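Read the structure below first, then the notes.
Not measured: the values here are computed from a predicted model. Just so we're on the same page: letters track the sequence lines, and every chain starts at 1.
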Amino acid sequence: MPELPEVETTRRGIEPHLTGHRLGKITIRERRLRWPIQEGLEGLLHGHVVQQVRRRAKYLLIELGHGTLITHLGMSGSLRLVEPGTALRKHDHVDIRLDSGLSLRLHDPRRFGALLWTDEPIENHPLLARLGPEPLEGGFDGAYLYGALHTRKQAIKSAIMDSHIVVGVGNIYANESLFLAGIDPRRACNRIARHRVIDLASRIKQVLAAAVEQGGTTLRDFVNPEGQPGYFQQTLNVYGRPGLPCPSCATPMSHTLIGQRATFYCPTCQR
DNA sequence: CAACGGACCTGCCTGC
DNA sequence: TGCAGGCAGGTCCGTT
């Protein structure tokens with residue numbers, strides 16, 4: 001479900017309800033996420049005050065002063081704030097009670113998500129230590145992207161989805177960025193002119209920033225922590241539109257698989 | 001190293 | 001209606 005814009009939308013939704021608030025009772029109903037939730041996590045969290053809620057890549061980092069709760073939503077995870085007594089749905093795995101009376105509720109049908117604890121400096125955590133730059137920050141620009149890609153032979157789409165190169169670009173926004181840049185998603189990285197890679201970096205920033213602005217993309221069921229959908233799907237040019245006319249030239253959109261992921265592109269505009 | 005495929009899960013949709 | 005098969009917004013890990 002979530003790519004960077006959806007995770008950032010989630011962060012913005014939960015942050016004001018968490019920062020400065022004390023955590024109360026922690027209820028864990030299902031520990032089998034991508035990695036099992038560690039025994040005793042309840043005791044590590046209970047009674048502590050949230051200092052800050054940050055995001056790194058698609059990880060949400062809830063900082064408690066004596067350590068950090070690391071959350072990942074995987075493919076199907078969501079975090080919502082619920083009123084006391086809100087009925088449980090299937091796959092509501094964790095509730096974290098807040099001193100406001102609300103609870104932060106983790107829901108994740110496929111259980112590809114994660115809930116981890118670390119008391120080390122967060123940048124040292126093995127899952128975060130080797131990540132590439134944030135696409136919406138200064139460490140990511142055209143010169144960086146060209147430097148990272150120009151010797152690679154893999155398909156450009158796979159490369160921009162590789163979190164060691166740049167984080168946060170998932171399947172939807174990889175497809176959309178390549179459409180705006182006019183680049184065939186199958187094209188080998190080392191066969192793309194420098195000026196086109198530089199343009200691609202801008203397009204990635206453009207697409208992600210616009211999607212954050214619109215609260216993310218709701219394809220099936222993404223909702224922000226207040227329960228509202230995102231609106232960026234109205235802006236999608238290629239994702240999920242095989243056979244429909246290209247918005248630019250009206251050629252029917254092509255559909256293929258790259259790295260096992262659904263790929264959509266215009267065979268005329270993207271070269 | 002770079003690149004690729006498999007693995008982890010449930011739900012939903014399609015087609016027989 | 002039932003059931004098999006395929007697909008879904010992520011990403012780690014093992015193998016070439």
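Rounded to whole Å, atom P of C:dG10 lies 10 Å from atom CG of A:Leu219.
At C:dG9, none of the side-chain N or O atoms of A:Tyr173 fall inside 4.0 Å of OP1 or OP2 (strictly under the cut-off). One finds no side-chain N or O of A:Arg34 lying less than 4.0 angstrom from the OP1 or OP2 phosphate oxygen of B:dA7. Within the structure, a side-chain polar atom (N or O) of A:Arg111 is placed less than 4.0 Å from OP1 or OP2 of B:dT10. Proximity of A:His91 to the phosphate of B:dG11: a side-chain N or O atom is located under 4.0 Å from OP1 or OP2. In terms of phosphate contacts, A:Lys58 brings a side-chain nitrogen or oxygen within less than 4.0 Å of OP1 or OP2 of C:dT11.
The same atom, P, is picked in B:dG6 and in C:dG6; the two are 14 Å apart, to the nearest Å.
A centroid separation of 6.0 Å or more is found between the aromatic rings of A:Phe232 and A:Tyr239. Checked against the 6.0 Å centroid criterion, the rings of A:Trp117 and A:His66 qualify as a close aromatic pair.
Within 4.0 Å (heavy atoms only), A:Arg130 reaches no atom of the nucleic acid at all. Residue contacts shown for A:Phe232 are absent, as no nucleic acid heavy atom lies under 4.0 Å away.
The 5' end of DNA chain B is approached more closely, in terms of each residue's nearest nucleotide, by A:Lys153 than by the other of A:Arg220 and A:Lys153.
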query: Given pairs defined as Watson-Crick or G-U wobble with both distances under 3.5 Å, what dot-bracket annotation applies to DNA chain B, with ( ) intrastrand, [ ] crossing, | other strand and . unpaired?
result: .|||||||.|||||||
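Here A:Phe112 does not lie in a stacked arrangement on the base of C:dT11, lacking the combination of planes under 30° and ring centres under 5.5 Å apart.
With hydrogens and angles ignored, a donor-acceptor pair under 3.5 angstrom links the side chain of A:Arg110 to the base of C:dA8.
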